[in-house]
Visitor: 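I have a structure here, written as structure tokens, and I will follow up with some questions on it.
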Amino acid sequence: MSNIRVRFAPSPTGALHIGGARTALFNWLFARQHGGKFILRIEDTDFRRSREDSTRGIVDGLSWLGLDWDEGPDIGGPLGPYRQSERGDIYSRYLQELLDSGRAYYCFCTPEELQKEREEAAQEKRDYKYGSRCKALGPEEVKEMQQAGKPAVIRLKVPGEGYTVVHDLIRGDVSFANALFDDFIIAKSDGWPTYNFAVVVDDFGMQISHVLRAEEHLSNTPRQLLIYRALGFKEPSFAHLSMILAPDRSKLSKRHGAISVQEFQSQGYLPEALVNYLALLGWSTGRDVDIWSREEMIQEFSLEHISKSPAVYDLEKLAWMNGQYMTQLDIESLIALLEPQAQQRGWLNEENSVFFRQAVELVRNRAKTRDELLYALGYFFEEVEQYDEKGVKKHFGQHKASTVLSEVLEIVSSIGSFSAAELEEAFRKRAQELEVKAADLIHPTRLALSGRTATPGLFELMEVLGREKCISRLEKALEFIASQKGQL
RNA sequence: GGCCCCUUGGUCAAGCGGUUAAGACACCGCCCUUUCACGGCGGUAACGGGGGUUCGAGUCCCCCAGGGGUCACCA
């Protein structure tokens, strides 16, 4: 295929959510695979709801995901402007053309009148269709009403019979009876076009070859096709992607928790992981692979392998995937990922970067997300304020606990080299002398040093923590046990 | 409600007339191990229902059911 041009055309009325992100991703993959252009267009003709910070959020989100565009509002391009609010003249021209050729007409019916008709129809359980009353208005009448300052919308004349069929690349031919449509509005009374009209004019004007968008637009497509034909525009190819659903199978919304790209970003997910996960939501090759590099995705992307059924997203799998990417990360990048929070918590400063790094190395492979990693790092930087409840019962509860910890304290204070290997040797030797298992020393010590029952290998942990912290924490644990006497 | 789309394990999904119906996440065992992870091995679990077509149907057709989308001077 040549001259592939695709677009992502969000309306800036909210954050970039994962459904939109996936649509953008598929468009991007398609463009990159074919050496085509990926265009960003902002559909901001709803002036009441459009917000500038939403545009910024979307742009930032796409950038963070690494989905770069070739033409767009920020970088321009040969077929701009790329913001609908700046394309008023273009729409007006085509609107006028339709009016002149008699394919569209002014309608002076008020929203209130129409609303009333709709309600009546609903009462009588009839389907409502606009009755085309204003189609019969002669030029004189139109002029009169306009001069009287009556607001008007513009409607397209829709053929009452026949079918409009959408040739969808994913779903095949989908046909709609024209009788279903009324003469729908293509320009609002403020002069701005409605979505369906603006999209057609823009997709044509920007020479879009393939419209890849969410399934919710499928039922809009025949209306758009009608506009293409009225305007004599060449039609692009269409492909409608199935929706991403929340775990309860309903449409994604805020109540489902994290659904915006920004939220994933602020929770410390890796963009590569999100992209990989999103790519596999609705697309798959027959290949038995879950981790895909961008290059591989671009290479193998194919519309034929896009699934028709909606996909329920699964945070667990995203987390797993994030873990896969986190393990692959080099230590510098990992530290960079942690840095903002770590500094904010006072865990990382100019003096302790070596210590910080050692701690990260130690815990890194037991966390799937940044937040888990932060949690795993806690006791390296914060004093132990409380001990895991179950751990206390199990390891501090036994009557030997204080004896054991005293023994450990003795080792820790007297050992020559404070290294993992030496510590382990000393522990095992002492265990043997005491005729207990090494584990009987290890578990209480772990709890004393970290407050937790799950940590990296104890001896490595001790080495990184250092003698001083080990001693003070052991002493603190001994005090704790003493204070709990009788209750344990 | 009308119209449109969809329907393989809990989730993502392979399958495109003949398979013991892949694989991944999750879950459950076992191994490794000082704990937790990682890793390794194994396991539980699916073709929505009913009719056809065919020697043979998850795969093709029809009906039903369920889910989703859409019916604005929103996009």
Side-chain angles (χ1 to χ4, degrees), chain A residues 9-13 43-46 48-50 84 107 109-111 114-115 118 122 125-129 151-155 166 168 170-171 174-177 179-182 184-196 198-199 214-223 240 242-243 245 247 249-251 277 280-291 305 307-321 323 327 363-368 372 376 391 395 424 427-428 431 437-443 445-447 450 452-459:
Chain A
S11 75
T13 52
E43 310 216 324
D44 56 351
T45 51
D46 183 346
R48 282 203 331 277
R49 295 198 307 150
S50 292
Q84 289 189 330
C107 168
C109 300
T110 66
L114 298 175
Q115 182 56 31
R118 248 193 298 271
K125 300 204 165 166
R126 253 174 33 228
D127 282 332
Y128 174 74
K129 244 178 89 172
V153 300
I154 299 174
R155 291 181 183 269
V166 180
D168 190 283
I170 294 172
R171 281 150 224 282
V174 182
S175 79
F176 297 83
L180 254 31
F181 309 124
D182 57 9
F184 58 91
I185 295 174
I186 55 178
K188 306 177 240 179
S189 55
D190 64 5
W192 284 90
T194 56
Y195 164 73
N196 283 128
V199 165
E215 192 188 342
E216 54 183 325
H217 294 289
L218 182 55
S219 32
N220 271 321
T221 309
R223 288 190 181 80
H240 289 91
S242 56
M243 315 271 301
L245 267 27
R249 300 200 66 82
S250 69
K251 204 175 174 179
Y277 177 70
L280 260 33
L281 216 50
W283 171 71
S284 78
T285 65
R287 280 182 50 195
D288 216 350
V289 179
D290 288 288
I291 304 298
H305 289 285
S307 99
K308 300 180 194 182
S309 46
V312 172
Y313 82 92
D314 178 19
L315 255 20
E316 281 297 351
K317 186 149 186 178
L318 205 213
W320 170 80
M321 201 165 266
T327 355
V363 301
R364 62 172 297 174
N365 72 341
R366 51 207 80 212
K368 293 198 292 283
E372 280 179 25
H395 306 304
E424 175 157 15
F427 264 64
R428 294 200 183 278
K437 286 179 293 181
D440 291 334
L441 260 50
I442 289 170
H443 292 303
T445 308
R446 166 178 290 113
L447 187 61
S450 67
R452 304 179 190 181
T453 54
T455 71
L458 181 66
F459 306 113

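Every chain is numbered from 1, with letters handed out A, B, ... down the list of sequences. What you see below is based on every heavy atom in this structure, not just the backbone, and it leaves out hydrogens, waters and symmetry mates.
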Visitor: Please check if the side chain of A:Ser50 supplies one atom and the backbone of A:Asp46 the other of a donor-acceptor pair under 3.5 Å.
Guide: yes
Visitor: Nearest-Å distance, CZ (A:Phe184) to P (B:rC74)?
Guide: 14 Å
Visitor: Can you tell which of B:rA75, B:rC73, B:rU34 lies closest to the side chain of A:Arg118?
Guide: B:rC73
Visitor: Side chain of A:Asp127 only, heavy atoms from C-beta on: which candidate in B:rU70, B:rG2, B:rC4 is closest?
Guide: B:rG2
Visitor: Between B:rU35, B:rU7, B:rC73, spot the one nearest the side chain of A:Ser309, thanks.
Guide: B:rU7
Visitor: Which nucleotide in the list B:rU11, B:rU34, B:rA75 gets nearest to the side chain of A:Asn220?
Guide: B:rA75
Visitor: Answer yes or no: is there an ion pair linking A:Glu216 with A:Lys251, defined by an N-O contact shorter than 4.0 Å?
Guide: yes
Visitor: For the backbone of A:Leu447 and the side chain of A:Arg452, can you confirm whether one donor and one acceptor N or O come within less than 3.5 Å of each other?
Guide: no
Visitor: A:Asp182 CG to B:rC3 C1': how many Å, rounded?
Guide: 13 Å
Visitor: What's the closest nucleotide to the A:Arg49 side chain, out of B:rC6, B:rG68, B:rC74?
Guide: B:rC74
Visitor: Output all residues satisfying side chain to side chain contact (heavy atoms under 4.5 Å, CB included) with A:Lys188, sequence neighbours left out; order by chain, then residue number.
Guide: A:Thr45, A:Asp190, A:Trp192, A:Thr194
Visitor: Would a distance-only check, ignoring hydrogens and angles, find a side-chain to backbone donor-acceptor pair under 3.5 Å from A:Lys129 to A:Ala179?
Guide: yes
Visitor: Counting side-chain heavy atoms from C-beta on, which of B:rG68, B:rC6, B:rC74 comes nearest to A:Leu245?
Guide: B:rG68
Visitor: Provide, to the nearest angstrom, the distance between the CZ atom belonging to A:Arg249 and the P atom belonging to B:rC12.
Guide: 6 Å
Visitor: Would you say B:rA14 has OP1 or OP2 under 4.0 Å from some side-chain N or O of A:Ser284?
Guide: yes
Visitor: From C-beta outward on A:Asp314, which listed nucleotide comes closest to its side chain: B:rU11, B:rG2, B:rC5?
Guide: B:rU11
Visitor: Under 4.0 Å from OP1 or OP2 of B:rA75: is there any side-chain N or O of A:Thr45 that close?
Guide: yes
Visitor: Using Watson-Crick and G-U wobble pairs with both distances under 3.5 Å, what is the 5'-to-3' dot-bracket string of RNA chain B, with [ ] for crossing pairs and | for pairs outside the strand?
Guide: ((((((((.[[[..)..(....]]].(((((.......)))))....[[[[[..)....]]]]])))))))....
Visitor: Of all the heavy-atom pairs spanning A:Asp290 and A:Met321, show the shortest one and how long it is.
Guide: O-CE, 3.6 Å
Visitor: Give one of base, sugar-phosphate or nothing for A:Thr194, where a contact means two heavy atoms less than 4.0 Å apart.
Guide: sugar-phosphate
Visitor: In whole angstrom, give the distance that lies between atom NZ of A:Lys308 and atom C1' of B:rG58.
Guide: 14 Å
Visitor: Between B:rU70, B:rC4, B:rU34, which one does the side chain of A:Lys251 approach most closely?
Guide: B:rU70
Visitor: Kindly indicate whether the side chain of A:Arg366 and the base of B:rC38 share any N or O donor-acceptor pair separated by less than 3.5 Å?
Guide: no
Visitor: Under 3.5 Å, is there an N or O donor on one side and an acceptor on the other linking the side chain of A:Arg452 and the base of B:rU35?
Guide: no
Visitor: What is the nucleic acid contact for A:Val153, judged by heavy atoms within less than 4.0 Å: base, sugar-phosphate only, or nothing?
Guide: base
Visitor: Can you say whether the rings of A:Phe459 and A:Phe427 are parallel (under 30°), tilted (30 to 60°) or perpendicular (over 60°)?
Guide: perpendicular
Visitor: Measure from NE2 on A:His240 to P on B:rC4 and round the result to the nearest Å.
Guide: 15 Å
Visitor: Could you state the atom-to-atom distance from CD of A:Glu216 to P of B:rC5 in whole Å?
Guide: 17 Å
Visitor: Without decimals, in angstroms, what is the distance between A:Leu280 CG and B:rA13 P?
Guide: 8 Å
Visitor: Can you tell me which nucleotide in B:rC4, B:rA75, B:rA22 comes closest to the side chain of A:Asp288?
Guide: B:rA22
Visitor: For the side chain of A:Trp320, starting at C-beta, report the closest nucleotide among B:rC36, B:rC73, B:rA24.
Guide: B:rA24
Visitor: Taking only side-chain N and O atoms of A:Lys188, does any of them lie within less than 4.0 angstrom of OP1 or OP2 on B:rA72?
Guide: no
Visitor: What do the steps show when you test A:His240 against A:Thr221 for side-chain hydrogen bond (donor to acceptor under 3.5 Å, both in side chains), and what is the final call?
Guide: CA-CA 10 Å; A:His240 289 91; A:Thr221 309; 3.1 Å; yes
Visitor: With a 3.5 Å cut-off and heavy atoms only, can you find an N or O donor on one side and an acceptor on the other between the side chain of A:Lys317 and the base of B:rA24?
Guide: yes
Visitor: Can you tell me how far C1' of B:rU33 sits from CZ of A:Arg446, to the nearest Å?
Guide: 11 Å
